[in-house]
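FYI, side chains are in, hydrogens and waters are out, and symmetry mates aren't considered; it's all heavy atoms of this structure. Lettering follows sequence order; numbering is per chain, from 1.
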Amino acid sequence: MPELPEVETVRRGLAPHMEGRRVRRLTLNRPDLRFPLPEGFRDRVEGRRIVQLSRRAKYLVMTFEDERAIIAHLGMSGSFRIEDTIPGVFHHARSKDQAHDHVIFDLAGDDGATVRIIYNDPRRFGFMDLVEPGELDRYPAFAALGPEPTGNLLSADYLAERFRTKKSPIKAALLDQRVIAGLGNIYVCEALHRSGIGPERAVHTLVTRTGRASARLEDLTRAIREVIAEAIEAGGSSLRDHIQTDGSLGYFQHRFRVYDREGEPCPTPGCRGIVSRIVQSGRSTFHCAACQA
DNA sequence: CGCATCCCCTGCCTGC
DNA sequence: TGCAGGCAGGGGATGC
């Protein structure tokens, strides 16, 4: 499911229920997700207060008062849901198979409010890890990450520098988390379409002979920012079974211009092309050959 | 090094 | 209706 906008939507949904509350009980329904759960996970988390829920790329970071932190990745099918545990309070229907409820956080606030946060992940491509205070900056998966597409560090000049000497197809380069952190298959397809760049184009062709960003690369940088911002604002994309933490749906999927629209007319004004699907690096790319070059 | 391929796992959809 | 095959938002290992 989740690319950056979906993970950010999850973060925003969870934060008010988690921040400031203490883990009263951590329930592990199996010893592993994609990887084994951290050594001594339960004992190292129970009793501690969560001070902040943040996000880096597609990772959620739950920071405790002692700066110990849980790092969670949702993989393809991971989701969190919130269940009120106050007796008598109605909570939304469980639409997911409880067989895949793998990790359960029972939290309690100083005001006595209690809440249950449940991590469900049918495919188990997600994972959780626990880092000790001060280790977060050196966490291997974080060390090599590129800039956030929402931040100031992403610029056309930055991409020009990264692309100058490389011949890889732009689709692959944008999926590389070391180049930009947080983009995935959907938003890469969408950003390329919005900027009129063919997915198979070699990245160095977007850089001028003097090493500057081409106008197309400027367009691409702007398109990436725009599509990510719009998707976050829309609550992400809800495909298949993905829902927000409160059970509601994101609606950015209705604004896809090419993703999962094989055979449909290209939405670019004046373009008479048809959206087609190709496979790159084993994954679907949706694009319009008529207006992306 | 960069890139493609395969794999992890379950569920859903399509076509026969 | 059943079943096989393909496909899915990610990313890591491997091999060329």
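A/Asp129 and A/Tyr139 share a side-chain donor-acceptor pair at under 3.5 Å. Between the side chains of A/Ser79 and A/Asn120, no donor-acceptor pair of N or O atoms lies under 3.5 Å.
For the pair A/Asp129 CG and C/dG11 P, the computed distance is 15 Å after rounding to whole Å. Spacing between atom CG of A/Leu175 and atom C1' of C/dG10 amounts to 10 Å, rounded to whole angstrom units. Put simply, CG on A/Leu145 is 12 Å from C1' on C/dG11, counting in whole angstrom units. Residue A/Tyr187 contributes atom OH, which lies 14 Å from atom C1' of C/dG10 at whole-angstrom precision. Atoms CZ (A/Phe35) and C1' (C/dG10) sit 10 Å apart, rounded to a whole Å. Atom CD in A/Glu6 sits roughly 12 Å away from atom C1' in C/dG10 (whole-Å rounding). B/dC13 atom P lies 18 Å from atom CD of A/Glu262, rounded to whole Å. Separating the CG atom of A/Asp176 from the C1' atom of B/dA4 is a distance of 14 Å, rounded to the nearest angstrom.
A sub-4.0 Å separation between OP1 or OP2 of B/dG11 and a side-chain N or O of A/His100 is present. Phosphate contact (OP1/OP2 of B/dC1, side-chain N/O of A/Lys167, threshold under 4.0 Å): absent. Taking side-chain N and O atoms only, A/Tyr259 has a distance below 4.0 Å to OP1 or OP2 of C/dG9. The side chain of A/Arg34 contributes no N or O atom lying less than 4.0 Å from OP1 or OP2 of B/dC7. Phosphate contact (OP1/OP2 of C/dG9, side-chain N/O of A/Ser237, threshold under 4.0 Å): absent. At B/dT10, none of the side-chain N or O atoms of A/Ser77 fall inside 4.0 Å of OP1 or OP2 (strictly under the cut-off).
Only the P atoms considered, B/dC9 is 16 Å distant from C/dT14, to the nearest whole Å.
Using a 4.0 Å heavy-atom cutoff across all strands shown, A/Arg178 reaches no nucleic acid atom at all. When heavy atoms are screened at a 4.0 angstrom cut-off, A/Arg124 is found touching the sugar-phosphate backbone but no base atom. Note on A/Gln177: only backbone sugar-phosphate atoms sit closer than 4.0 angstrom, heavy atoms only; bases stay farther off.
The residue from A/Val203, A/Leu220, A/Leu174 that alone fulfils the side-chain contact (heavy atoms from CB on, under 4.5 Å) condition with A/Ile197 is A/Leu220. Of the candidates A/Ile180, A/Ile228, A/Leu183, A/Ile228 is the only one forming a side-chain contact (heavy atoms from CB on, under 4.5 Å) with A/Leu4.
By the 30° and 60° cut-offs, the orientation of the rings of A/Tyr187 relative to A/Phe256 is perpendicular. Using cut-offs of 30° and 60° for the angle between ring planes, the A/His73 and A/Phe127 rings count as parallel. Taking the six-membered ring where tryptophan is involved, the planes of A/Phe80 and A/Phe105 are tilted, since the angle between them lies from 30° to 60°.
Between the side chain of A/Arg283 and the base of C/dA8, no donor-acceptor pair of N or O atoms lies under 3.5 Å.
Applying the salt bridge (Lys or Arg N to Asp or Glu O under 4.0 Å) test to every pair with at least one member in residues 152-164 of chain A, sequence neighbours left out, gives these pairs: A/Glu161-A/Arg164.
A distance-only check finds a donor-acceptor pair linking the side chain of A/Arg11 to the backbone of A/Leu53 [under 3.5 Å].
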Pairing of DNA chain C as dot-bracket, 5' to 3': ( ) intra-strand, [ ] crossing, | other strand, . unpaired, with Watson-Crick or G-U pairs under 3.5 Å? .|||||||.|||||||
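Ranking C/dA8, C/dG11, C/dG9 by closeness to the A/Asn185 side chain, first place goes to C/dG9. Which of C/dG9, C/dA8, B/dA4 sits closest to the side chain of A/Ser281 comes down to B/dA4.
Listed in residue order, the members of residues 157-166 of chain A having a heavy atom less than 4.0 Å from DNA chain B are A/Lys166.
Where stacking is scored as ring centres under 5.5 Å apart with planes under 30°, A/Phe125 does not register as stacked on the base of C/dG11.
No more than 12 heavy atoms of other residues, nucleotides or ligands sit less than 6.0 Å from atom CZ of A/Arg212. Annotation for A/Asn152: atom CG does not count as buried by contact number, only 12 or fewer foreign heavy atoms lying within 6.0 Å.
Ranked by how close their nearest DNA chain C nucleotide is to the 5' end, A/Arg123 and A/Phe127 are led by A/Arg123.
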